[in-house]
S.K.: 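Here it is, the structure in full.
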Amino acid sequence: MNDRISAQYWLHEKELTAYSSDAVRDRRRRAMELFESKGFPTQKDEDWKYSSLKPVLSPHYALNSPCAALEDEHLEYADIKRFLVNELDAYRVVFLNGRYTSWLSDTTHQGFDVCTLSSAWKKYPETIERYFAQLTEDLGPLAQLNTALAWDGIYVVVPDNVVVDRPIQLLSITSGTEPRAIQVRNLVVLGVNSQVEIIERHQSLSDQPTWTNSVDEAFLAEGAQLRWVKLQHDGPLASMTQHTRIHQDRSSRSQVHTISTGGRFIRNNLDIILNGPGAEARMLGLTLGKGKQLVDHHTLVDHRAPHCSSHENYKGIYDEGSKGVFNGRIYVHREAQKTDAYQQNANLVLHQTAEVNAKPQLEIFADDVRCSHGCTVGQLDEDALFYLRARGIREPEARAMLMLAFAEDALAGIDHPSLNAKLHKLIAGKLGVDLTLDL
Amino acid sequence: MLEIRELHASIGDKEILRGVNLTVKPGEVHAIMGPNGSGKSTLSSVIAGREEYQVTSGDVLWDGKSILELAPEERAHLGLFLGFQYPVEIPGVSVSNFVKTALNAVRAARGEEALDASSMLKKMREALQLLEMDKGFLSRSLNEGFSGGEKKRNEIFQMAMLEPRLAILDETDSGLDIDALRIVAQGVNGLRSAKASFVVITHYQRLLDYIIPDVVHVLLNGRIVKAGDKSLAYALEERGYDWIKKEVE
């Protein structure tokens with residue numbers, strides 16, 4: 001696998017870098033060389049202790065040119081409609097097997113850019129040179145692999161003081177008759193006091209194993225606001241590895257929801273770098289695991305500047321056979337006085353074959369800070385269950401009510417009723433409950 | 001309507017109820033008093049169907065039929081209500097949605113249609129009024145951050161909404177100041193009727209100044225050892241339980 005991937009890069013480097021400066025090409029090369037020297041992570045790596053990539057890497061993936069258009073696949077709007085939040089008036093950027101599909105998308109350059117990275121290489125080489133792979137240099141092999149092979153994904157650049165009027169729906173579809181591995185690379189650059197919201201979903205339509213390896217880089221200038229909902233509700237043969245890095249300047253705000261309800265293997269790395277005073281980050285996660293699913297969240301909040309705040313709340317419900325990992329790292333630099341950092345990770349384990357590995361990791365080098373964290377792993381509260389049943393609520397509904405109530409605060413801050421309704425429907429479906437009981 | 005016959009129940013290896021007999025007819029109010037550890041809460045839990053307790057012998061009959069095999073929710077559907085001594089805090093579930101869900105679950109089980117929104121609201125308003133509660137209470141998370149008094153009022157509010165045929169109030173008076181006690185009693189009295197029965201479990205006679213019982217029972221060591229009228233409660237208040245213990249021995 002490693003050699004095939006290596007070959008995929010070196011064979012296609014010319015295409016990948018056709019429009020790029022030498023500096024950008026060198027970043028790709030360095031990334032590829034890093035990947036070649038390290039190879040895929042194994043469970044010997046502390047960061048991968050609980051999650052084996054073996055099942056993700058074992059299929060014989062088709063590795064075509066990362067940038068050539070695929071001619072054998074076609075999708076119609078009807079095929080993808082159900083994966084979108086249709087009630088939401090949004091920009092739509094749809095990818096099929098890692099390539100932009102213009103006929104399914106609705107992009108813009110009016111006042112700001114909501115388009116694709118594949119077109120940006122040629123169109124915006126200076127922006128690319130300024131931002132591409134600038135946050136990912138010190139990341140692990142999967143992100144390096146992505147940097148080397150990056151071709152498509154969303155490209156969102158918003159000038160100062162511009163509020164993007166509609167949310168952006170990013171939908172990445174994998175399909176085909178053979179196992180497929182794709183790279184998705186997203187670049188988001190927000191000017192001073194600008195705002196944008198992204199709703200991201202990856203979906204396999206294939207009956208073969210698929211693997212999406214995705215990297216996001218987001219740069220928030222002073223006062224910028226980014227909201228990002230990552231909806232991971234993929235099929236049982238789909239694997240996803242993702243590294244998201246958000247770099248925030250003074251008084252900027254980010255809010256990332258990671259809702260993981262499907263897929264076979266999910267590894268999310270979410271890093272937020274609070275680099276200017278007064279920056280704020282909210283990270284919310286909800287994981288529902290069942291069957292052979294593995295969901296691994298690694299988060300990092302890097303407090304580099306004073307007066308920043310981070311609020312992290314990850315909830316997990318793990319049923320029969322599923323496995324969860326939560327590793328939440330908060331690093332407070334010596335300069336980051338008056339940091340306010342909060343981390344909460346609560347897990348329900350519904351079955352004896354389910355497993356959760358939770359590890360909060362706080363490294364604090366400033367002395368005037370407020371940092372708190374809590375981590376729980378438990379079962380549904382039997383007293384609460386009896387209380388509901390004693391009022392006439394049947395056991396399955398009572399369980400559902402408690403689980404939904406448990407999950408609810410991880411959805412806080414999603415302000416679109418239609419998206420909220422969709423998420424609740426997905427969650428209820430996953431929990432196998434009827435959602436006529438509203439909370 | 002409720003008949004308890006020679007009920008023995010234990011938790012683990014420990015027998016707590018050792019042959020309880022009690023008959024409650026429609027419209028009656030029974031008080032059960034007893035010292036700590038006499039089995040008062042166990043009795044209410046067993047009647048309500050809590051699964052940790054094993055009934056080793058005896059029976060609990062509802063309208064002449066055993067309910068021991070029924071799930072807690074099925075007992076609620078028959079019209080049984082348990083007012084909890086320690087109501088559970090459930091963050092994320094609002095009082096109004098909880099009560100709506102419960103009431104409609106009970107109605108559905110009885111083959112009745114769900115209550116429409118305006119009737120539901122009207123009913124909630126009436127119940128709130130009875131308990132001198134503010135309507136802001138409805139949108140709060142169930143029992144979360146409630147004071148002791150608010151929790152108990154919330155229990156009676158739920159009772160008023162569900163209109164049970166038999167309500168067991170497990171130490172509803174504990175931790176209440178005199179005003180809250182009066183309001184809770186007012187709630188119970190407002191629901192008294194020829195059809196509704198109450199079993200009031202309490203440590204103290206003072207609640208019985210407000211809710212006048214037809215019969216007072218003394219539960220001691222897992223058995224009802226004495227019954228009398230209201231004056232028995234006063235005697236217990238004055239003299240404690242030792243004299244009854246001696247009497248029993």
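Each chain gets a letter, A, B and so on, in the order its sequence line appears, and its residues count up from 1.
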S.K.: With a 4.5 angstrom heavy-atom cut-off, is it the side chain or the backbone of B:Arg50 that approaches chain A, or both, or neither?
M.R.: both
S.K.: Between the side chains of B:Glu74 and A:Arg389, is the shortest nitrogen-to-carboxylate-oxygen separation below 4.0 Å, so that they form an ion pair?
M.R.: no
S.K.: So which heavy atom on B:Pro72 is nearest to which on A:Ala390, and how close?
M.R.: CB-N, 4.3 Å
S.K.: Atom CZ of residue position A:Arg253 - does it have more than 12 heavy atoms of other residues, nucleotides or ligands inside 6.0 Å?
M.R.: no
S.K.: Rounded to the nearest 0.5 Å, what's the gap from CG on B:Leu142 to CG on A:Leu388? Could you check?
M.R.: 7.5 Å
S.K.: For a quick test of reading the model, state the closest non-hydrogen atom pair linking A:Asp383 to B:Val88 and the distance between them.
M.R.: O-CG2, 3.6 Å
S.K.: Report, as yes or no, whether the 6.0 Å neighbourhood of atom CD on A:Gln361 holds more than 12 heavy atoms from other residues, nucleotides or ligands.
M.R.: yes
S.K.: Which heavy atom of B:Ala102 sits nearest to which heavy atom of A:Ile393, and what is that distance?
M.R.: CA-CG1, 3.8 Å
S.K.: Please classify the contact of B:Leu78 with chain A as side chain, backbone, both or neither, using a heavy-atom distance under 4.5 Å.
M.R.: neither
S.K.: Which region of A:Asp409, side chain (C-beta onward) or backbone (N, CA, C, O), has a non-hydrogen atom less than 4.5 Å from a non-hydrogen atom of chain B, or is it both or neither?
M.R.: neither
S.K.: For residues B:Val93 and A:Met401, determine if any side-chain heavy atom of one lies less than 4.5 Å from a side-chain heavy atom of the other.
M.R.: yes
S.K.: Please classify the contact of B:Pro87 with chain A as side chain, backbone, both or neither, using a heavy-atom distance under 4.5 Å.
M.R.: both
S.K.: Between B:Pro91 and A:Ala405, what is the shortest heavy-atom contact and its length?
M.R.: O-CB, 3.4 Å
S.K.: Over 60° means perpendicular and under 30° means parallel, so classify the ring planes of B:Phe98 and A:Tyr387, tilted if in between.
M.R.: parallel
S.K.: Count the heavy-atom pairs under 4.5 Å between each of B:His77, B:Glu73, B:Glu52, B:Arg75 and chain A, then report the option with the highest count.
M.R.: B:Glu73
S.K.: Is it the case that more than 12 heavy atoms not belonging to A:Lys430 sit under 6.0 Å from its NZ atom?
M.R.: yes
S.K.: Would you mind checking which part of B:Glu89 comes under 4.5 Å of any heavy atom in chain A, side chain (CB onward), backbone (N, CA, C, O), both or neither?
M.R.: neither
S.K.: To the closest 0.5 Å, what do you measure between CG (B:Leu82) and CZ (A:Arg391)?
M.R.: 6.5 Å
S.K.: Would you mind checking which part of B:Asn104 comes under 4.5 Å of any heavy atom in chain A, side chain (CB onward), backbone (N, CA, C, O), both or neither?
M.R.: neither
S.K.: Does any part of the side chain of A:Phe386, heavy atoms only, come nearer than 4.5 Å to the side chain of B:Glu51, both counted from C-beta?
M.R.: no
S.K.: Taking atom NZ of A:Lys323 as the centre, report whether more than 12 heavy atoms of other residues, nucleotides or ligands fall under 6.0 Å from it.
M.R.: yes
S.K.: For A:Glu397 and B:Thr101: C-alpha separation, side-chain torsions, deciding distance, then whether side-chain contact (heavy atoms from CB on, under 4.5 Å) applies.
M.R.: CA-CA 9 Å; A:Glu397 279 80 29; B:Thr101 307; 5.9 Å; no
S.K.: Is it the case that more than 12 heavy atoms not belonging to B:Tyr86 sit under 6.0 Å from its OH atom?
M.R.: no
